[in-house]
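Worth saying up front: this structure is predicted, and the values here are computed from it rather than measured. Just so you know, residue 1 is the first one in the sequence shown, and it goes up from there.
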Amino acid sequence: MSYGSLDKSRLINLEYSLFKEILRTNRAGSYSSSTILGCNTRKYHGFLVAPIPELDYEKHVLLSSVDVSVEQHGKVFNLGIHKYSGSHFEPRGHKYVEDFDMDPIPRVTYRVGGVVLQQELVLVENESQVLLKYTLLEANSPTIIKLKPFLAFRHMHDLTNSNLFVNTRYENINGGVKLKLYDDFPALHMQCNKENEFVPIPDWYKGLEYIKEELRGYPYSEDLYVPGFFEFPIAKGESVVFSACTKETKTKSLKELFDKETANRIPRNSLLNNLINSAQQFIVQSPKGTEVMAGYHWFGSRLRDTFVSLPGLTCYYTDASLFKGVLNSSIKQLRSEILDPITGVVKDIDVPLWLFWTLQKCAKDCGVANVWKEYGSLLEEILNYYRHHGTNQLHVTDEGLIYARIDGIP
């Protein structure tokens with residue numbers, strides 16, 4: 001059995017499978033996350049959650065999920081699953097799940113009668129783009145696939161409700177359509193690498209519930225907008241790639257892009273590779289610089305977490321460019337937000353001192369040379385900052401300890 005492989009008996013058990021989550025990031029601030037069944041249990045879940053430079057560079061849920069349906073002889077089987085009020089799940093596509101695997105990418109296999117369909121997911125590196133590949137492994141008669149996208153277009157901390165402000169218009173593009181539900185958002189381009197028909201049936205699906213938010217004591221019900229569905233025939237052995245992206249893509253290259261992204265994934269066949277794979281998820285390159293995310297789903301970059309984690313996240317790299325990129329971005333933030341002679345070091349009193357530990361560890365374990373030559377003047381500046389600040393809120397005691405206190409701030 002390969003890494004992350006689960007058999008049918010566990011997959012169809014919702015008490016088990018709804019608490020097993022997938023998270024993939026792309027080093028550009030976007031992520032794709034859901035449960036192994038594709039049933040979202042957090043408001044932070046989504047097939048494409050991406051930063052929106054047009055708004056605030058913070059993450060927004062664009063594509064919440066995609067329901068795939070199989071049609072044979074006029075009968076349609078919806079393989080999706082969503083939770084509604086009263087522990088009601090509709091549709092109940094989990095009963096068709098045959099197998100799940102994570103190596104090297106998330107892969108779900110469905111069996112409906114004589115049809116065996118495989119769905120694979122890849123988040124494109126450094127782009128706000130997710131790819132879903134559908135492969136018909138077995139079929140004994142003509143088969144049609146229908147893809148129904150559920151759209152949110154909201155900040156990841158919020159929930160959306162049906163409203164009259166949503167823009168229901170769409171524009172046909174090569175291999176699909178593009179929609180922009182609200183003016184401040186970019187358009188979402190949904191395309192297939194195979195000729196298809198988009199059937200517009202705009203509607204709100206109301207009252208979807210997220211059980212993890214309910215358990216956390218937060219609002220947990222939301223309405224999602226479904227513009228219609230994509231429909232295309234598929235032959236046995238054929239694969240079709242569906243793309244959702246904030247810009248239009250060349251549909252003829254989608255299969256090649258999917259294969260390229262899959263080949264770049266680190267196989268999780270050893271403890272080291274698993275650690276490397278996990279470490280990479282936290283490194284983000286944005287217009288602000290190279291940063292370390294403090295955690296997922298909702299944490300951003302925080303200096304304390306960055307300095308503590310940086311040696312462990314970067315010591316496996318043969319060159320120090322990644323380490324230096326993160327460090328230089330952090331130092332810039334340190335100077336602007338903490339080493340401020342007006343506000344003083346109060347709230348994050350320990351953060352500048354963590355930089356000493358970080359540099360010491362990286363010089364020892366990560367092969368970073370000339371640390372003192374490159375960063376010595378900054379370290380001296382930090383020590384002098386503590387030594388000469390001299391206020392009631394912050395000063396160095398006669399014993400050489402740092403005293404810091406202000407009401408209401410830890």
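- Under the side-chain hydrogen bond (donor to acceptor under 3.5 Å, both in side chains) criterion, Glu213 pairs with Arg216, sequence neighbours left out.
- Put simply, the side chain of Val351 reaches to within 4.5 Å of the side chain of Phe307, judged on heavy atoms.
- Taking each heavy atom of Leu379 and Phe356 in turn, the nearest pair found is O-CZ, 3.5 Å.
- Annotation: the span from Tyr57 atom OH to Ile52 atom CD1 amounts to 11.0 Å, rounded to 0.5 Å.
- Ring pair Phe77/Tyr110: centre-to-centre distance not below 6.0 Å.
- In this structure, Leu275 CG and Ser270 OG are separated by 8.5 Å, a value rounded to the nearest 0.5 Å.
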Evaluation steps, side chain to side chain contact (heavy atoms under 4.5 Å, CB included), between Tyr386 and Leu353
CA-CA 10 Å; Tyr386 284 105; Leu353 300 179; 3.7 Å; yes
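- Ring-plane geometry between Tyr84 and His88 is classed as tilted, the angle between the planes lying from 30 to 60 degrees on a 0 to 90 degree scale.
- Contact of the Arg335 side chain with the Leu378 side chain is registered, since non-hydrogen atoms from C-beta on lie closer than 4.5 Å.
- The pair Glu256-Lys260 fails the salt-bridge criterion, with no side-chain N (NZ, NE, NH1 or NH2) lying under 4.0 Å from an Asp/Glu carboxylate O.
- His395 and Tyr403 have parallel rings, their planes meeting at less than 30° on a 0 to 90° scale where 60° marks the start of perpendicular.
- Between Ser33 and Tyr296, the closest side-chain pair of non-hydrogen atoms is not below 4.5 Å.
- Residues Phe185 and Leu62 have side chains in contact (heavy-atom distance under 4.5 Å, counting atoms from C-beta outward).
- Only one option out of Lys59, Glu58, His60 pairs with His155 in a side chain to side chain donor-acceptor pair (under 3.5 Å); it is Glu58.
- Ring pair Tyr170/Phe198 is perpendicular by interplanar angle, where above 60° counts as perpendicular and below 30° as parallel.
- In this structure, Lys146 pairs ionically with Glu71, as a charged nitrogen and a carboxylate oxygen lie closer than 4.0 Å.
- Between Phe150 and His82, the distance separating the two ring centers is shorter than 6.0 angstrom.
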